[in-house]
Student: 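Below you'll find the structure I mean.
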Amino acid sequence: MAYTEEELKKELETKEYEYGFYTDIESDTFPIGLSEEIVIAISKKKNEPQWMTDWRIEAYRVWEKMEEPDWANVHYEKPDFQAISYYSAPKKADPNKKLEDVDPELLEMYKKLGISVDEQKKLQNVAVDIVVDSVSVATTFKKTLAEKGIIFMPISEAIQEHPELVRKYMGSIVPTTDNFYAALNSAVFTDGSFCYIPKGVRCPMELSTYFRINQAGTGQFERTLLVADEGSYVSYLEGCTAPSRDENQLHAAVVELIAMDDAEIKYSTVQNWFPGNKEGKGGVYNFVTKRALCEKNAKVSWTQVETGSAVTWKYPSCILKGDNSIGEFYSIAVTNNYQQADTGTKMIHLGKNTRSTIISKGISAGKSQNSYRGLVQVSSRADNARNFSQCDSLLMGNECGAHTFPYIEVKNKSAMVEHEATTSKIGEEQIFYCNQRGIDTEKAIALIVNGFSKEVLNKLPMEFAVEAQKLLEISLEGSVG
Amino acid sequence: MLKIKDLHANVEGKEILRGINLEVNAGEVHAIMGPNGSGKSTLASVIAGNETYEVTAGDIFLNGENIEDLSPEERAHNGVFLSFQYPVEIPGVSVTNFMKTAINESRKAKGLEDMPAKDMLKLIRDKSELLEIDRKFLSRSLNEGFSGGEKKRNEIFQMAMLEPKLAILDETDSGLDIDALRIVANGVNKLKSKDNAVVVITHYQRLLEYIVPDFVHVLYNGKIVKSGTKELAMELEEKGYDWIKQEAAV
Ligand SMILES: Nc1ncnc2c1ncn2[C@@H]1O[C@H](COP(=O)(O)OP(=O)(O)OP(=O)(O)O)[C@@H](O)[C@H]1O
Ligand SMILES: [Mg+2]
């Protein structure tokens with residue numbers, strides 16, 4: 001590949017953020033605890049049709065009988081599910097609160113991420129006096145989508161406006177019975193996003209769940225459903241790089257993707273929930289179930305940058321049902337201080353000539369533990385299935401851990417499954433080399449980490465990649481010294 | 001420019017530098033020669049501020065200022081450049097990106113804004129032409145899979161980009177083919193001026209035919225045991241180090 005002036009320029013420039021929508025949120029809170037009554041009350045609160053209420057109740061009854069899983073390589077105090085309020089709207093802006101009252105360390109982080117003062121205020125529930133331009137942007141944006149027949153709205157609205165679609169697909173990929181957290185989510189989810197791309201439509205822009213300014217208030221139990229009809233294409237961005245100090249300790253989201261024949265979905269996530277402090281106190285538990293179904297010739301790519309949360313448990317997966325379908329998983333997981341991450345993917349090859357690629361980059365610092373857990377399964381009728389997996393770990397210091405748990409189950413002789421794994425350490429020599437060129441140690445580490453993660457960063461949409469890069473840098477601050 | 005007084009340095013408790021005295025003025029080229037393991041690279045590392053080496057006595061002055069307390073990056077910001085004998089690989093970081101970061105970090109330290117992309121492009125173009133570096137090269141990961149000679153040429157490309165005041169070239173000639181040696185030496189000569197200084201560490205007279213030194217020093221056993229002009233290098237080439245070792249022994 002020739003290195004053109006253009007490419008050089010691209011490497012030197014940065015870009016702006018993309019569009020999305022945000023939801024208005026009501027403000028009141030339910031008493032703590034979970035029961036069938038609470039589940040019904042949530043459904044009522046949201047004015048849901050009976051089928052939705054019934055669905056939730058069924059999920060609740062399943063959940064009640066389930067045990068919290070403990071096979072992952074993470075250790076934490078199990079949450080008390082009766083001590084959580086399952087319907088707590090985020091705090092309204094406090095008229096007496098000023099930006100000066102906010103933790104200066106947090107403000108410093110915002111500054112580094114290039115978040116405007118207005119956005120900072122929103123993130124911290126400080127009243128904003130100027131109306132942020134985003135509302136009008138969102139309106140034009142919605143119009144463009146509507147012209148193409150694309151439906152993109154909060155899932156609570158979709159339940160009202162497109163019940164036939166939601167009813168058909170919700171739970172079809174991740175059934176309520178799937179696992180403990182998925183069942184819990186099904187019973188109590190408060191909101192999330194719904195997206196439908198009609199046949200043959202190429203979504204003209206990157207879709208993102210929320211403006212990042214709204215992200216601070218997003219729910220504990222988010223539910224996302226994305227349906228790409230035959231021959232359509234969509235690129236979807238989830239999450240935000242702004243550090244969120246959500247007081248909700250437990251997060252259990254469910255994401256379902258459906259890629260019909262010849263459709264393509266790119267799903268990119270940046271997760272930066274509060275990781276806890278340097279001593280390992282506090283921080284979010286993030287237990288997520290993400291799964292995609294690929295029909296004939298369909299393609300789904302999961303790309304994730306995981307830097308936040310005290311405990312992460314997350315395996316975005318692809319069911320390669322249709323012949324010639326393709327599943328991809330690109331992941332960067334950073335753990336620092338006392339963070340623990342157990343993340344990876346499942347690639348289930350059912351159709352003929354199905355292909356999957358797994359690139360996982362784990363970066364561990366401090367006293368953290370970082371595990372990759374992946375399953376590649378090839379069924380007996382999946383002739384000529386192909387998988388390539390690469391798991392690289394980068395260690396900083398001597399107190400952290402990196403682990404790889406690749407599971408391979410092959411029932412078809414024509415399958416080709418390749419797995420590569422490397423572990424490396426950031427060397428003092430590399431750091432001194434950078435220092436000698438005028439780059440301080442913190443920046444040197446950022447540079448080395450970015451280089452290590454490059455294959456995955458390259459898969460992110462440009463504007464997301466730039467932010468993700470900055471985020472990696474910030475997440476590892478103070479990890480040497 | 002550079003003044004070193006009675007410098008002693010240890011690594012892992014072992015004394016490697018045992019009283020180095022050296023003065024390099026602006027506009028001068030100094031060559032340091034000496035047998036393997038005599039401490040040449042160690043001296044270069046200590047000047048650059050590598051904390052692996054413990055300075056136990058003596059001082060290093062840069063432009064009259066004692067740099068004892070300066071970090072390696074601060075020394076770099078003050079114009080010290082080291083062309084490494086063994087450049088390290090940084091996977092996934094392109095030469096361009098690395099240079100962009102290095103230049104902007106130095107500018108930041110001086111209170112300057114990032115270099116505009118346009119100027120950066122021009123600088124990269126000019127300097128890669130000077131060293132006859134293929135553009136494709138600049139998008140590759142730093143030193144990863146570079147041949148020995150390519151690594152050395154890349155070091156001098158970085159030097160050209162950063163325009164240091166004091167450049168220390170540690171065996172930059174080893175690994176270069178005859179043409180590359182000429183190109184690299186020519187590059188170094190182009191960057192030479194009355195305001196900067198170059199210290200070349202080498203085993204061979206050949207490089208010194210291109211980069212002509214004002215002074216030649218022989219480092220042996222952690223000390224400079226002999227200094228002279230470029231004729232000394234020729235004498236060493238002819239006679240080896242035995243006579244120097246003998247002289248040093250008495
Ligand atoms: N990090 C280190 N740990 C242990 N010993 C070291 C270290 N660095 C240097 N030394 C030792 O210090 C001595 C001087 O090494 P140095 O690399 O400075 O020699 P040199 O003169 O550059 O040799 P050459 O001509 O082979 O490059 C050698 O004996 C070497 O083994
Ligand atoms: Mg040496």
Side-chain angles (χ1 to χ4, degrees), chain A residues 1-15 112 332 359 361 363 390 392-394 422-459 465-466 469-470 472-473 480-481, chain B residues 44-45 48-52 71-84 86-109 114-118 120-121 124-125 134-144 158 161-162 164 168:
Chain A
M1 190 185 72
Y3 196 55
T4 63
E5 207 95 317
E6 261 320 297
E7 282 163 303
L8 197 59
K9 265 188 214 141
K10 230 190 256 162
E11 217 174 308
L12 296 167
E13 75 189 7
T14 55
K15 265 199 188 169
K112 284 187 190 145
I332 301 169
I359 311 274
K361 304 276 180 177
I363 299 150
Q390 186 186 323
D392 298 323
S393 308
L394 187 67
T422 67
T423 302
S424 50
K425 247 180 114 159
I426 295 189
E428 275 171 33
E429 282 167 21
Q430 281 177 317
I431 293 188
F432 178 66
Y433 189 89
C434 295
N435 288 161
Q436 207 302 305
R437 299 301 189 248
I439 301 165
D440 68 26
T441 301
E442 207 121 275
K443 190 89 192 170
I445 287 173
L447 200 66
I448 295 166
V449 165
N450 270 318
F452 172 78
S453 319
K454 196 177 189 175
E455 288 158 275
V456 176
L457 287 172
N458 282 347
K459 299 289 172 189
V466 170
Q469 255 177 41
K470 281 196 232 159
L472 289 182
E473 214 166 297
V480 282
Chain B
S45 291
N50 190 335
E51 278 147 24
T52 310
S71 65
E73 59 272 22
E74 287 167 329
R75 295 179 194 204
H77 300 155
N78 283 322
V80 175
F81 178 89
L82 172 58
S83 167
F84 286 78
Y86 305 109
V88 300
E89 300 181 357
I90 307 190
V93 177
S94 69
V95 176
T96 309
N97 189 18
F98 185 70
M99 277 292 84
K100 176 190 135 188
T101 310
I103 285 176
N104 285 336
E105 287 297 299
S106 292
R107 289 174 66 95
K108 197 162 84 191
D114 279 1
M115 182 181 277
K118 185 167 66 68
M120 187 76 75
L121 278 170
I124 290 170
R125 195 182 309 122
D134 189 337
R135 286 297 193 75
K136 268 199 300 238
F137 212 77
L138 303 175
S139 65
R140 281 176 59 181
S141 289
L142 187 66
N143 292 323
E144 198 183 30
Q158 294 184 37
M161 291 288 290
L162 294 165
I168 305 166

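Protein chains get the first letters and strands the later ones, always in sequence-line order, with residue 1 at the start of each.
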Student: Is Thr52(B) close to Phe432(A) at the side-chain level, that is, under 4.5 Å between some pair of heavy atoms?
Tutor: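 Contact flag for Phe432(A)/Thr52(B) side chains = no.
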Student: What's the separation between atom CD in Gln436(A) and atom OG in Ser45(B), rounded to the nearest 0.5 Å?
Tutor: 9.5 Å
Student: Using heavy-atom distances under 4.5 Å, tell me whether Leu82(B) contacts chain A through its side chain, its backbone, both, or neither.
Tutor: both
Student: Let me confirm one number: the NZ-NZ distance from Lys443(A) to Lys108(B), rounded to the nearest 0.5 Å.
Tutor: 5.5 Å
Student: For chain A, find which of Asn104(B), Thr101(B), Leu142(B) contributes the most heavy-atom pairs closer than 4.5 angstrom.
Tutor: Thr101(B)
Student: Where on Pro87(B) is there a heavy atom nearer than 4.5 Å to chain A: the side chain, the backbone, both, or neither?
Tutor: both
Student: Are the side chains of Pro91(B) and Gln430(A) in touch, meaning some heavy atoms are under 4.5 Å apart?
Tutor: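 Yes, close enough: below the 4.5 Å cut-off.
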Student: Taking side chain as everything from C-beta outward and backbone as N, CA, C, O, which of these in Glu51(B) sits under 4.5 Å from a heavy atom of chain A? Side chain, backbone, both or neither.
Tutor: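 No part of it gets close to chain A.
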Student: Report yes if the distance between the aromatic ring centroids of Tyr86(B) and Tyr433(A) is under 6.0 Å, otherwise no.
Tutor: no
Student: Verify the neighbour count for atom CD of Glu144(B): are there more than 12 heavy atoms of other residues, nucleotides or ligands below 6.0 Å?
Tutor: yes
Student: Between Leu457(A), Leu447(A), Ile448(A), Ile426(A), which has the largest tally of heavy atom pairs under 4.5 Å with chain B?
Tutor: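 When all of Leu457(A), Leu447(A), Ile448(A), Ile426(A) are compared, Leu447(A) has the most.
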Student: Mind listing the closest non-hydrogen atom pair of Arg437(A) and Ala76(B) along with its distance?
Tutor: C-CB, 4.1 Å
Student: Rounded to the nearest 0.5 Å, how far apart are CG of Asp440(A) and NE2 of His77(B)?
Tutor: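 Answer for the CG-NE2 pair, Asp440(A) versus His77(B), is 7.5 Å.
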Student: Calculate, to the nearest 0.5 Å, the distance between atoms CD1 and CD1 belonging to Ile90(B) and Ile431(A) respectively.
Tutor: 9.5 Å
Student: Could you report the tightest heavy-atom contact between Val93(B) and Gly451(A), atom names first, then the distance?
Tutor: CG2-CA, 3.8 Å
Student: Please check if atom CD in Glu429(A) has more than 12 non-hydrogen atoms from other residues, nucleotides or ligands closer than 6.0 Å.
Tutor: no
